[in-house]
Enquirer: 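Quick one: the structure is below, questions incoming.
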Amino acid sequence: MKILVVDDEEDVKSLFEQKFRKEIRSAQFEFSFAFSGEEALHFMAEHPSEVVMILSDINMPGMSGIELLKTIRKDFPAAPPQVMMITAYGDSNNHDQAMKLGADDFLTKPVNFVELKEKLLKTL
Amino acid sequence: MDYFLVSFFLIQYVRSSLHTATSLPNWDRLLLYGRYISIALISTYYIADSPDWFSWIWHVFMILIIYILYTKEDFSPIRSVTQSVIPFVAISIISDILEAAAPKFYAEYDDWFNIATSFAFVLCFVIWFYAQKQRKILLKEREDRLREEMASKAQKESLEYLVAERTMELTAQKEELQKAIEDLKSTQNQLIQSEKMASLGELTAGIAHEIQNPLNFVNNFSEVSVELCQELEEEVNKTSISDEDKDYIKGIIADLSQNQQKITHHGKRADSIVKGMLQHSRASSGEKEAVEINALADEYMRLAYHGLRAKDKEFNATLVTDFDPNIGKVMVMPQDLGRVFLNLFTNAFYAVAEKKRMLTEAGKLDDYKPEVKISTKMFAGKLYIRVTDNGTGMPDQVKAKIFQPFFTTKPTGQGTGLGLSMSYDIITNAHNGMLDVETVPGEKTEFKITIPIA
């Protein structure tokens, strides 16, 4: 399963790679990383219909996670990827907005990786 | 005859106008003698069959009277009247002298002298009459002035009374104003304090947001490092190096793993502080709902009590409830208000537990009974909630700081110092109420919540 992680923090990449080391080695998951909303859209345009799941932060400089979600739902109506939003603790505004715009799930920081792993395995 | 009239009335006039009977008793006696003399003279004159020379006795008598009246300082007020007699006396004397010295000349102008004498005589009375009139006017004026003085005195008194009354009013007003100024000052202080609190609350939430992301990385990486250590240990077991080397490597891995666990542990501690700080910004985000206040307070009181009991089996305290049954449901933010209750009760139980511990250490436990009380009351559109404990109380310097974020008297790790700061925020900002505290060091503490009900 190809998963695209969108976050402006570059350390997210090594964190995910270490957290999902076993799954990556066993080719259960395949992670790609984008460090901004724009980069994510660019990646999706280059790899059409490859990405199954998107994990996106909401508060990012430039394009926000909400805007990214809106654009994805508009530009990729065929084979729509699952979108899971991640944001800071207890931001109910963003939660409601994301759900309204068609997010499939919502996670709060700090990310509970055990929970995330279960959710990802369920989507498989 | 005319001499008698002039002298008699002159003396009478002097006595009545100067009130000599009372003011000049010595002169009065002399004047009375003068009157008797005058009466005696006129009687003698008629008894002696009106001799011509008798008029000389009159002259002497008159001159004496005039001289006395004219020269003595006591009679100066009636000098003008005395003067009016002078022409009459002078003409009489001149005519008598002429009669004696030049009888021929006198006989020729006899009529003229008589006319002049009569005229002077009449003049005397005219002047007296006029003087009398003047005197009456003067008297009347004096009476008027006296009356005016009385009136003005009365007016002055009433004015003084008014002034005193006004002064009292002004003093009262001044005191009222001073009190108002003091009230204003204390309100201003409260405002400054609550502004400070508000900005501190915002700052706290802001800082928490900024710290949260890096802190998440610390926690996540340390957690994953623990996992990596486990994996590494498994891998070491698979290799064929000597057991001695394996143990050495495993020892290092165990230390590494332990360090990572420590990082995770303290990271989690920091995380819970950050969460507490973030609740500041969430304080006013809730929605108001109709809530049974008494039930809410009771629920959180028990929650706090059993929370502490779970940690400290020894602990117990009397829970006293004094609920106003008429409160019913009130529009509040139940989760936020619940958090306030939880904080207040936790603190109250902590205070009584501390007091019990201190008394036990000092061996003076005696019959101390820890007690925490909640009372609710509703009147005049306001909800009053009191949380009272008979615990350690607080000194003034602690009391002054308890609503500041991060201020705590609990040992490190036991309190974040955010509970009361947040409670203050919830009550004052989210509910437009007031959170006050009263405390007696070593005896009791009372937290007072006042919330206006719309």
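Chain A is the first sequence line, chain B the second, and so forth, proteins listed ahead of strands; every chain is numbered from 1.
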Enquirer: Would you indicate whether A:H47, at its atom NE2, is surrounded by more than 12 heavy atoms from other residues, nucleotides or ligands within a distance under 6.0 Å?
Expert: yes

Enquirer: Report which part of B:N219 has an atom under 4.5 Å of a heavy atom belonging to chain A: side chain, backbone, both, or neither.
Expert: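 Contact with chain A: none, neither part.
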
Enquirer: Does a side-chain heavy-atom distance below 4.5 Å link A:F113 with B:V224?
Expert: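 Side chain of A:F113 against side chain of B:V224, heavy atoms only: no contact under 4.5 Å found.
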
Enquirer: Got a second to check how far A:D57's CG is from B:N213's CG, nearest 0.5 Å?
Expert: 7.0 Å

Enquirer: To the nearest 0.5 Å, tell me how far A:T108 OG1 sits from B:N216 CG.
Expert: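 Rounded to the nearest 0.5 Å, the OG1-CG separation comes to 9.5 Å.
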
Enquirer: Which answer fits B:F221, side chain, backbone, both or neither, if we ask what part of it has an atom under 4.5 Å from a heavy atom of chain A?
Expert: both

Enquirer: Tell me the residues of residues 64-73 of chain A whose non-hydrogen atoms fall below 4.5 Å from those of chain B, in number order.
Expert: none

Enquirer: Counting only non-hydrogen atoms closer than 4.5 Å, does A:V111 touch chain B with its backbone (N, CA, C, O), its side chain (CB onward), both, or neither?
Expert: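 Contact with chain B: backbone only.
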
Enquirer: When you look at NZ of A:K119, are more than 12 heavy atoms from neighbouring residues, nucleotides or ligands closer to it than 6.0 Å?
Expert: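 More than 12 within 6.0 Å, yes.
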
Enquirer: Give a yes or no on this: more than 12 heavy atoms of other residues, nucleotides or ligands lie within 6.0 Å of atom NZ of B:K382.
Expert: no

Enquirer: Within residues 225-253 of chain B, which residues come under 4.5 Å of chain A, heavy atom to heavy atom?
Expert: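 Residues B:E227, B:L228, B:E231 are the ones that qualify, each having a heavy atom under 4.5 Å from chain A.
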
Enquirer: Within the supplied structure, the quantity of interest is the number of heavy atoms (other residues, nucleotides, ligands) at a distance under 6.0 Å from B:E210 CD; does it exceed 12?
Expert: no

